[in-house]
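First comes the structure, then the notes that go with it.
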Amino acid sequence: QVHLVESGGGSVQAGGSLTLSCIASRVTWNSDINYMAWFRQAPGKEREGVALIDQYNITTYAGSVEGRVTISRDNTKRKMYLQMNSLKPEDTAKYFCAADWRGLGANWGNQYEYNYWGQGTQVAVSS
């Protein structure tokens, strides 16, 4: 069973930057983490997809963050990153790492499609 652990969350002021990391372990097949994504969930809201990266480093971003965040991965280290710039108070949420072996196409932002999840890391942006 793939194990995902996020880190890098914290509190920043609006306009600031943070870089989140996710490391995968207990990976039996590299294909289990072909597709890795960041999700976030604010209090009282649905968990939403933020960004996706596949094993070929092809990326997809949610419209709400495009231009402000960059997703990347290091396949040799089985790590994924989310560089977030120009943070806004509305970016405040718990950020989760997710992974799956399947390509989900336009459905990439559906949390119910992912097999593996981390426990999340909290990001708080103050105005």
Side-chain angles (χ1 to χ4, degrees):
Q1 181 84 356
V2 173
H3 186 58
L4 302 173
V5 178
E6 304 92 338
S7 61
S11 298
V12 295
Q13 289 193 323
S17 299
L18 277 176
T19 299
L20 307 183
S21 299
C22 170
I23 186 163
S25 60
R26 304 177 197 169
V27 177
T28 302
W29 305 102
N30 285 333
S31 58
D32 284 342
I33 55 171
N34 275 349
Y35 299 86
M36 298 187 76
W38 286 100
F39 281 74
R40 66 184 182 186
Q41 188 167 20
K45 292 190 175 182
E46 286 278 311
R47 192 172 296 188
E48 62 174 358
V50 176
L52 169 77
I53 187 166
D54 71 10
Q55 69 271 43
Y56 303 114
N57 291 314
I58 296 173
T59 58
T60 305
Y61 294 95
S64 58
V65 301
E66 193 155 18
R68 298 190 296 120
V69 307
T70 302
I71 189 171
S72 61
R73 67 190 286 171
D74 183 335
N75 291 329
T76 61
K77 296 180 180 178
R78 292 177 175 167
K79 291 188 77 171
M80 176 178 67
Y81 307 93
L82 187 71
Q83 170 70 42
M84 302 189 292
N85 301 316
S86 303
L87 283 163
K88 304 175 182 180
E90 50 263 45
D91 294 318
T92 295
K94 195 167 189 178
Y95 283 70
F96 298 88
C97 171
D100 203 274
W101 64 271
R102 303 167 298 157
L104 300 172
N107 209 30
W108 73 270
N110 184 344
Q111 61 171 312
Y112 302 107
E113 295 288 349
Y114 290 82
N115 270 314
Y116 308 114
W117 288 91
Q119 293 299 305
T121 185
Q122 184 67 43
V123 171
V125 184
S126 58
S127 56

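Atom set for the values below is all heavy atoms of this structure, side chains included, hydrogens, waters and symmetry mates excluded. The residues of the chain are indexed from 1 along the displayed sequence.
In this structure, Asn75 contributes its side chain and Arg78 its backbone to no donor-acceptor pair below 3.5 Å. No donor-acceptor distance shorter than 3.5 angstrom exists from the side chain of Tyr81 to the backbone of Asp74, with no hydrogens or angles considered. With hydrogens and angles ignored, the 3.5 Å screen pairs no side-chain donor or acceptor of Thr121 with any backbone N or O of Tyr95. For the pair Tyr114 (side chain) and Gly109 (backbone), a donor-acceptor distance under 3.5 Å is absent. No donor-acceptor distance shorter than 3.5 angstrom exists from the side chain of Gln119 to the backbone of Glu6, with no hydrogens or angles considered. Remark: the backbone N or O of Asn115 is paired with a side-chain donor or acceptor of Asp100 at under 3.5 angstrom. Between the Gln122 side chain and the Ala93 main chain, a donor and an acceptor come within less than 3.5 Å of each other. At least one donor-acceptor pair closer than 3.5 Å links the side chain of Arg68 to the backbone N or O of Ser86.
Rounding to the nearest 0.5 angstrom, the gap separating the CG atom in Asp91 from the OG atom in Ser64 is 7.5 Å. Rounded to the nearest 0.5 angstrom, Ile53 CD1 and Ile58 CD1 are separated by 9.5 Å. To the nearest 0.5 Å, the span separating CG on Asn107 from CD on Glu113 amounts to 4.5 Å. Here the CD1-CZ distance, from Ile33 to Arg73, works out to 5.5 Å after rounding to the nearest 0.5 Å. Here Gln13 contributes atom CD and Ser127 contributes atom OG; the two are 9.0 Å apart, rounded to the nearest 0.5 Å. With rounding to the nearest 0.5 angstrom, the CD atom of Gln111 is 5.5 Å from the CZ atom of Arg47.
Counted by atom type alone, Gln83 and Thr19 present one or more donor-acceptor pairs between their side chains at under 3.5 Å.
Under the side-chain hydrogen bond (donor to acceptor under 3.5 Å, both in side chains) criterion, Glu48 pairs with Arg40, not counting sequence neighbours.
Proximity of Trp38 to Ile71: side-chain heavy atoms (C-beta onward) are separated by under 4.5 Å at one or more points. In this structure, Leu104 and Asn110 have side chains that are not in contact, with every pair of non-hydrogen atoms separated by 4.5 Å or more.
Counting non-hydrogen atoms of other residues, nucleotides and ligands closer than 6.0 Å to CH2 of Trp101 gives a total of 12 or fewer.
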